[in-house]
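This report concerns only the one structure given below.
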Amino acid sequence: MSEERNRDWWKKAVIYQIYPRSFQDSNGDGIGDLKGIIQRLDYLQELGIDAVWLSPVYQSPQDDNGYDISDYQDIDPIFGTLEDMETLIQEAKKHNIRIIMDLVLNHSSDEHRWFKEAKKSRENPYHDYYVWRDGEEGTPPNDLRGCFGGSAWEWVPELGQYYFHQFSVKQPDLNWENPKVRQEIYQMINWWIDKGIGGFRLDVIDRIAKEPDKKITDNGPRLHEFIREMSRETFQKAELITVGEAWGATPEIAKLYSNPDGSEFSMVFQFEHIELDQQEGKEKWDLAPLPFLKLKQVLARWQKELYQCGWNSLFWDNHDLPRIVSRWGDDKEYRTESAKMLAVLLHGMQGTPYIYQGEELGMTNVAYPIEEYRDIETLNMYQERQEKGYKECDIMASIYAKSRDNARTPMQWDSTASAGFTEGTPWIKVNPNYTEINAKQQLKDPDSVFACYKTLIQLRKTYEVFADGAFELLLENDPEFFAYTRENQQEKIFVICNFYGKTCDCPLEENWREMNLLYGNYQSIEMECTYQPYEARIYYLKK
Ligand code: GLC
Ligand code: CA
């Protein structure tokens, strides 16, 4: 394999995200763990994925389910031991699966040794590892707010100072201006690389270069300088896949992050399409219908802009987002069809697809009473909006639509108690539809959502055009169809999706008889031009 091909192995890869807490429990304590993941490697290999991105398993007080790390070089006992992690890396390798770890570098836990030291005195060598400002109790330095609600400043009376936190009070922001902080981080990353880690997902990386006095939180002036330094000192020494989480990325910024010269990351997660179904300028909880033409425009623009000068990540779901089939498909009558349609639409595009656990089964959102929710963001919002006098039913409607817990209910393995996730009491309630939607049932069914994902993964590995073909949007203003082509020198594919639940004639006038139907989500096509509810097809032409 040439060096170039090797370095870019991830261009043909499909990645699977595991939220360890909710994937598979091995010891009956109701919390998923590393041994549980090891038990399920055969399942992942059957699906055909190349790598697993693990949400954080480091030592953590779990204020934000592990995104608050108290020791970057150890595993939290709820998930297992460092030895289990090493076993997972080795066993995964035997299944041709690489392990991608989640790196949370914008902040640590307030229970991290550095922060405990930092709080001791202004002279402590670790004090400057965090972001402090003098002030008076009750008058924070400014009105910046944290992403989970409340002020971004927390008062520490012993020091007469505030510390800065963009997330919960238990997630103090690290001070990247301090070169010692950066060096410690690089050493830690290299330590994991030496253990055989295949890559990293970099949590809220666009927020590391903050300048709170100027109210700059994301995309700070030194952001790309810091990232390039980190990349040079760590990732570039190995063939790693790296993906930065960047809510505030524009295509221009994404081209920096995913520059083909390898100076920063392999790719980024951008969220422009994800933010379309909310009221403009408001929060994600302020619901709005999906503007379908806008969705086409946004996805097409990213496809075009990064072509040959960057690299996209393709995703609908993750541990922070509602389930796509409930969100933009139909989780009732056409659950299977719409889940597959959404998969086809995404996996035909250029970029590296990410599948979030359960997405490959068409798992759905939940609607629980408030006591059943566990997520700090959801619970903070609930309280805040109650205090502001919002109506209970409106708050709950927002939670049903957007709560992060929609994605965090246990993986549905089979129809036994607790969906085969645990023999104990699960930390969060299992979605009651597990008797009907589960992996065991779908593995037997050649027509399942699982089978569709499996096929799409294989197609990407079989036909070059999925990796390198240029993208062209078709039917830009059509209110029902999402259609596009991908084309390279030798091959062309047409991806045509009826995005809604009505039978519709597709206005495209190609000669389909000249083409092969590579994939269709209905067993039979009634008429070439007539698309059944949520019907999706991929046609292929060898030139
Ligand atoms: C990212 C994570 C999210 C977490 C936050 C703070 O957005 O995906 O789960 O709460 O960062 O670390
Ligand atoms: Ca467990």
Side-chain angles (χ1 to χ4, degrees), residues 17-40 53-58 60-70 72 75-81 84 100-110 112 146-149 152 165-174 200-208 210 217-218 243-249 268-271 274-275 284 313 315 317-322 354 356 374-381 402-408 410-411 418 420-428:
Q17 184 190 352
I18 288 183
Y19 196 66
R21 179 177 268 280
S22 305
F23 192 63
Q24 177 66 62
D25 178 23
S26 73
N27 61 353
D29 68 353
I31 302 174
D33 45 51
L34 294 175
K35 285 209 170 88
I37 298 172
I38 297 171
Q39 291 168 12
R40 295 294 184 180
W53 149 30
L54 275 191
S55 278
V57 289
Y58 312 89
S60 160
Q62 305 290 327
D63 181 54
D64 184 20
N65 287 358
Y67 283 90
D68 48 318
I69 298 172
S70 53
Y72 291 88
I75 301 296
D76 197 282
I78 63 169
F79 296 124
T81 61
D84 294 335
I100 296 172
M101 281 189 102
D102 209 322
L103 272 178
V104 187
L105 304 177
N106 175 67
H107 46 267
S108 73
S109 161
D110 64 340
H112 194 288
C147 299
F148 296 156
H165 61 92
Q166 300 189 62
F167 293 89
S168 90
V169 285
K170 288 186 66 63
Q171 293 167 299
D173 270 55
L174 284 161
F200 297 99
R201 176 260 188 189
L202 294 108
D203 189 64
V204 291
I205 199 67
D206 56 345
R207 294 177 177 268
I208 58 172
K210 50 245 157 189
T217 51
D218 57 355
V243 51
E245 183 199 22
W247 283 81
V268 276
F269 289 128
Q270 60 81 18
F271 295 84
I274 290 301
E275 293 182 310
K284 73 175 192 183
S313 319
F315 70 99
D317 281 1
N318 68 30
H319 64 292
D320 296 328
L321 303 175
Y354 288 75
Y356 177 70
R374 301 285 175 266
D375 170 34
I376 181 173
E377 184 194 45
T378 305
L379 298 175
N380 286 357
M381 179 286 270
K402 293 285 181 72
S403 169
R404 306 197 295 182
D405 280 341
N406 283 308
R408 299 176 181 188
M411 179 70 177
S418 297
F421 162 71
T422 180
E423 285 174 359
T425 309
W427 71 276
I428 186 170

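Source: prediction; values computed, not measured. Ligands are counted one by one from 1 in listed order, and the atoms in each one are counted from 1 as well.
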Using heavy atoms and a threshold below 4.0 Å, how should the contact between [X] and ligand 1 be classified: side chain, backbone, both, or neither?
X: E377; result: neither
X: F148; result: side chain
X: R408; result: side chain

Less than 3.0 Å from the Ca ion (ligand 2) is the window; count the protein N, O or S atoms in it.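 Of the protein's nitrogen, oxygen and sulfur atoms, 5 lie under 3.0 Å from the Ca ion (ligand 2).
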If only side-chain N and O atoms count, and only distance matters, is there a donor-acceptor pair under 3.5 Å linking [Y] with [X]?
X: Q166; Y: D173; value: yes
X: W53; Y: D102; value: yes
X: Y67; Y: S60; value: no

Below 4.0 Å from ligand 1: does a non-hydrogen atom of [X] turn up there or not?
X: H107; value: yes
X: R201; value: yes
X: R404; value: yes

Is the number of heavy atoms from other residues, nucleotides or ligands under 6.0 Å of E275 CD greater than 12?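 Atom CD in E275 is crowded, with more than 12 foreign heavy atoms closer than 6.0 Å.
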Ligand 1 atoms in contact with V204 (distance to a heavy atom under 4.0 Å): 1 (C), 7 (O), 11 (O)
Per-atom contacts, ligand 1 versus H319 - under 4.0 Å to a heavy atom: 2 (C), 3 (C), 8 (O), 9 (O)
Could you tell me whether R21 sits above the aromatic face of W427, with NZ or CZ closer than 6.0 angstrom to the six-membered ring centre and within 45 degrees of the axis?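 Satisfied, under 6.0 Å and within 45°.
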Heavy-atom closest pair (A407 atom, L321 atom, distance to 0.1 Å) is CB-O, 3.3 Å
Classify the ring geometry of H319 against Y356: parallel below 30°, tilted from 30° to 60°, perpendicular beyond 60°. tilted
Please work out whether the ring planes of F148 and F167 are parallel, tilted or perpendicular, with thresholds of 30° and 60°.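 Answer is perpendicular, since the angle exceeds 60°.
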May I ask you to identify the nearest protein heavy atom to [atom], giving residue, atom name and distance to one decimal place in Å?
atom: atom 10 (O) of ligand 1; result: D64 OD2, 2.5 Å
atom: atom 11 (O) of ligand 1; result: D203 OD1, 2.9 Å
atom: atom 7 (O) of ligand 1; result: E245 OE2, 3.0 Å
atom: atom 8 (O) of ligand 1; result: D320 OD2, 2.5 Å

Could you check S26 against D33 for side chain to side chain donor-acceptor pair (under 3.5 Å), going step by step and ending with a plain yes or no? CA-CA 7 Å; S26 73; D33 45 51; 3.0 Å; yes
The reported gap from CD in Q24 to CD1 in I31 (rounded to nearest 0.5 angstrom) is 13.5 Å
To the closest 0.5 Å, what do you measure between CG (D218) and CG (D206)? 5.0 Å
Start with the C-alpha gap between D64 and R404, add the side-chain angles, then the distance that decides, and say whether salt bridge (charged side-chain N to carboxylate O under 4.0 Å, His left out) holds. CA-CA 11 Å; D64 184 20; R404 306 197 295 182; 3.1 Å; yes
Using a plain distance cutoff, I'd like to know if W247 has any nitrogen or oxygen under 3.5 Å from a nitrogen or oxygen of ligand 1. no
